[in-house]
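Let me begin by presenting the structure, written as structure tokens, before commenting on it.
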Amino acid sequence: MSDWSFVLRLNQSLTPEQADAFDHCDAFADGSVSYTLGPEDPDLYAHHPDPAALSELSCDVEAPTLLDAVAQVARDIRLVPGLRAVGVRHDDTVTVPETPRELAVADQVLRLAHELESLDVAPGTLRALGLPTGTP
């Protein structure tokens with residue numbers, strides 16, 4: 001298996017409660033996925049974290065393929081109430097000058113799943129498309 005490094009974009013920044021749930025979730029116990037948590041009162045600090053970084057997870061995951069690694073983290077993040085994956089970014093421009101096809105597909109699937117969550121779509125339809133339904 002290979003190690004895959006990528007950034008998973010979330011639907012929102014982590015709250016302190018979600019960060020606590022993340023920290024106590026067995027799926028993330030190996031430290032392969034990390035987050036940035038902003039201060040409770042950012043106005044008290046001279047340096048502010050990039051708002052985009054607050055809704056991203058840095059991932060270094062061992063898996064057979066990049067798509068498998070993205071799918072694993074996207075599935076596991078749903079264990080934290082209120083969080084879901086909405087996109088993915090792969091910054092390795094040295095060895096992969098173009099976005100790998102499977103990563104582009106994963107990004108599109110995550111965005112589609114995010115958009116479909118707000119619509120009244122039967123779970124069987126999502127399951128038939130191979131998209132997450134939020135139910136086992």
Side-chain angles (χ1 to χ4, degrees):
M1 280 206 261
S2 299
D3 284 333
W4 301 99
S5 296
F6 56 94
V7 172
L8 193 72
R9 294 185 187 118
L10 301 175
N11 60 313
Q12 67 178 56
S13 301
L14 274 77
T15 64
E17 295 79 16
Q18 289 168 325
D20 186 56
F22 181 100
D23 293 342
H24 291 91
C25 183
D26 290 341
F28 303 112
D30 65 357
S32 62
V33 180
S34 62
Y35 61 87
T36 301
L37 186 63
E40 287 187 31
D41 189 355
D43 294 332
L44 296 177
Y45 301 92
H47 173 66
H48 301 276
D50 177 11
L54 299 178
S55 61
E56 296 179 339
L57 299 177
S58 296
C59 307
D60 293 300
V61 178
E62 186 176 310
T65 68
L66 178 58
L67 186 57
D68 289 328
V70 170
Q72 174 186 326
V73 180
R75 181 194 68 234
D76 290 347
I77 198 60
R78 296 180 72 89
L79 296 171
V80 178
L83 294 182
R84 64 184 178 279
V86 296
V88 65
R89 187 180 77 231
H90 186 265
D91 293 329
D92 188 359
T93 56
V94 175
T95 58
V96 183
E98 295 179 26
T99 302
R101 183 181 177 331
E102 62 183 16
L103 186 59
V105 169
D107 184 55
Q108 291 172 351
V109 167
L110 288 170
R111 290 173 191 273
L112 176 61
H114 174 67
E115 292 300 320
L116 288 176
E117 281 188 359
S118 64
L119 301 176
D120 188 22
V121 179
T125 304
L126 297 178
R127 210 174 291 114
L129 294 171
L131 296 175
T133 62
T135 59

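Here, residue 1 is the first one in the sequence, and each next residue gets the next number.
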Group every Ile, Leu, Val, Met, Phe, Trp and Tyr by side-chain heavy-atom contacts under 4.5 Å, then state whether L37 and F28 land in the same group. yes

What is the minimum heavy-atom distance between [X] and [Y], and which atoms define it?
{"X": "A63", "Y": "A69", "value": "CB-N, 3.6 Å"}
{"X": "V33", "Y": "C59", "value": "CG1-SG, 4.0 Å"}
{"X": "E62", "Y": "D3", "value": "CB-OD1, 3.4 Å"}
{"X": "Q18", "Y": "P81", "value": "NE2-O, 2.9 Å"}
{"X": "G87", "Y": "L8", "value": "O-CD1, 3.5 Å"}
{"X": "G82", "Y": "N11", "value": "O-ND2, 3.0 Å"}

Mind checking the [atom1]-[atom2] spacing from [X] to [Y]? Nearest 0.5 Å is all I need.
{"X": "Q72", "Y": "I77", "atom1": "CD", "atom2": "CD1", "value": "12.0 Å"}
{"X": "L79", "Y": "H24", "atom1": "CG", "atom2": "NE2", "value": "15.0 Å"}
{"X": "T15", "Y": "L54", "atom1": "OG1", "atom2": "CG", "value": "12.0 Å"}
{"X": "R89", "Y": "S5", "atom1": "CZ", "atom2": "OG", "value": "12.0 Å"}

Please examine the side chains of D23 and Y35, heavy atoms only from C-beta on, and report whether any two atoms are closer than 4.5 Å. yes

Any side-chain heavy atom of F22 sitting closer than 4.5 Å to one from L83? no

Under 3.5 Å, is there a donor-acceptor pair between the side chain of D60 and the main chain of G31? no

